[in-house]
Amino acid sequence: MNYWLMKSEPDAFSIDDLANMPKKTEHWDGIRNYQVRNMIRDDIKKGDLVLFYHSNCKPPGVVGMMEVVKEAYPDHTAFDPDSKYFDPKSDPDNPRWLMVDVKFKKKFKHMVSLDELKANPALAEMRLVQRGNRLSILPITKAEWDEIIAMCGG
DNA sequence: GCCAACGTTGGC
DNA sequence: GCCAACGTTGGC
């Protein structure tokens with residue numbers, strides 16, 4: 001069992017949007033970074049738990065929890081010329097981009113803002129709070145997961 | 001294979 | 001809207 005953090009801009013797709021999906025489940029599409037693609041391909045497993053992070057908003061922070069319910073499969077938006085994620089170099093016979101499906105588990109009573117994450121010494125090693133981090137999916141240790149769950153008020 | 005130009009992310 | 005960080009592209 002691994003732990004992850006996934007970022008989304010709430011204007012585009014928020015935790016409430018996920019909670020309102022049929023079966024509270026959606027595919028996490030649009031990943032166009034090779035490091036993140038490799039994590040999806042190799043490391044993200046069914047049953048893994050994921051923090052939902054709202055980025056590029058006020059305030060940014062962790063707002064809830066979800067679970068991986070389907071492991072890596074081709075990201076079909078790469079083949080759709082009308083999609084903003086269209087990538088003409090992704091061959092349907094050898095897809096370059098992958099995605100997983102995630103299911104809503106819980107919205108935190110108290111969102112854990114980026115400021116709070118940065119202020120907690122136990123989380124100083126998280127890549128999220130280090131400068132220059134731009135990956136949209138990050139691995140989280142069990143200790144970090146437990147720390148953040150303790151901060152969110154359940 | 002170097003590296004400048006360019007595009008994107010995301011906090012502020 | 002600014003801009004630092006940094007990944008990607010493409011000329012050479």
Q: Compute whether any side-chain donor of one residue and acceptor of the other, for A:Ser90 and A:Arg32, lie under 3.5 angstrom apart.
A: no
Q) Quick one: are A:Leu51 and A:Tyr3 in side-chain contact, heavy atoms under 4.5 Å? A) no
Q: Nearest whole angstrom, please: distance from the C1' of B:dT8 to the OH of A:Tyr85.
A: 12 Å
(Q) Applying ring-ring contact (aromatic ring centres under 6.0 Å, His included), can you list everything that pairs with A:Tyr34, at least two apart in sequence or on another chain? (A) A:Trp97
Q) Looking only at side-chain N and O atoms, does A:Lys7 come under 4.0 Å of OP1 or OP2 in B:dT9? A) no
Q: Answer yes or no: does a side-chain N or O of A:Lys84 lie under 4.0 Å from OP1 or OP2 of B:dT8?
A: no
Q. Does A:Tyr34 have a side-chain nitrogen or oxygen under 4.0 Å from the phosphate oxygens OP1 or OP2 of C:dC6?
A. no
(Q) Expressed as a whole number of angstroms, how long is the span from A:Asn33:CG to B:dT8:P? (A) 14 Å
(Q) If I take atom CG in residue A:Asp87 and atom P in nucleotide B:dG7, what distance separates them, rounded to the nearest angstrom? (A) 16 Å
Q. OP1 or OP2 of B:dC12 less than 4.0 angstrom from a side-chain nitrogen or oxygen of A:Lys118, does that happen here?
A. yes
Q. Quick one: does A:Met111's side chain get under 4.5 Å of A:Ile15's, heavy atoms only?
A. no
Q) In whole Å, what is the span from the CD atom of A:Gln35 to the C1' atom of B:dT8? A) 15 Å
Q: Return the value, rounded to whole Å, for the distance between atom CE of A:Met126 and atom C1' of B:dG11.
A: 15 Å
**Q.** base_contact_polar (B:dT8 base, A:Arg134 side chain, donor-acceptor, <3.5 Å)
**A.** yes
Q: In whole angstrom, give the distance that lies between atom CZ of A:Arg32 and atom P of B:dT9.
A: 11 Å
(Q) Within residues 9-17 of chain A, which residues have any heavy atom lying less than 4.0 Å from an atom of DNA chain B? (A) none
(Q) Please report the distance, rounded to the nearest Å, between CD1 in A:Ile31 and P in C:dG7. (A) 15 Å
Q. Stepwise, does the side-chain contact (heavy atoms from CB on, under 4.5 Å) test hold for A:Met65 with A:Ile149?
A. CA-CA 9 Å; A:Met65 184 195 301; A:Ile149 296 303; 3.7 Å; yes
Q. When all nucleic acid strands are considered with a 4.0 Å heavy-atom cut-off, which category describes A:Lys58: base, sugar-phosphate, or nothing?
A. nothing
Q: Grab the CG-P distance between A:Asn56 and B:dT8 for me, whole Å please.
A: 14 Å
Q. Do A:Val69 and A:Phe13 sit in the same hydrophobic cluster, where Ile, Leu, Val, Met, Phe, Trp and Tyr count as joined when their side-chain heavy atoms come under 4.5 Å apart?
A. no
Q | From CA spacing to verdict: salt bridge (Lys or Arg N to Asp or Glu O under 4.0 Å), A:Asp75, A:Arg37 | A | CA-CA 10 Å; A:Asp75 182 342; A:Arg37 190 278 311 273; over 6 Å; no
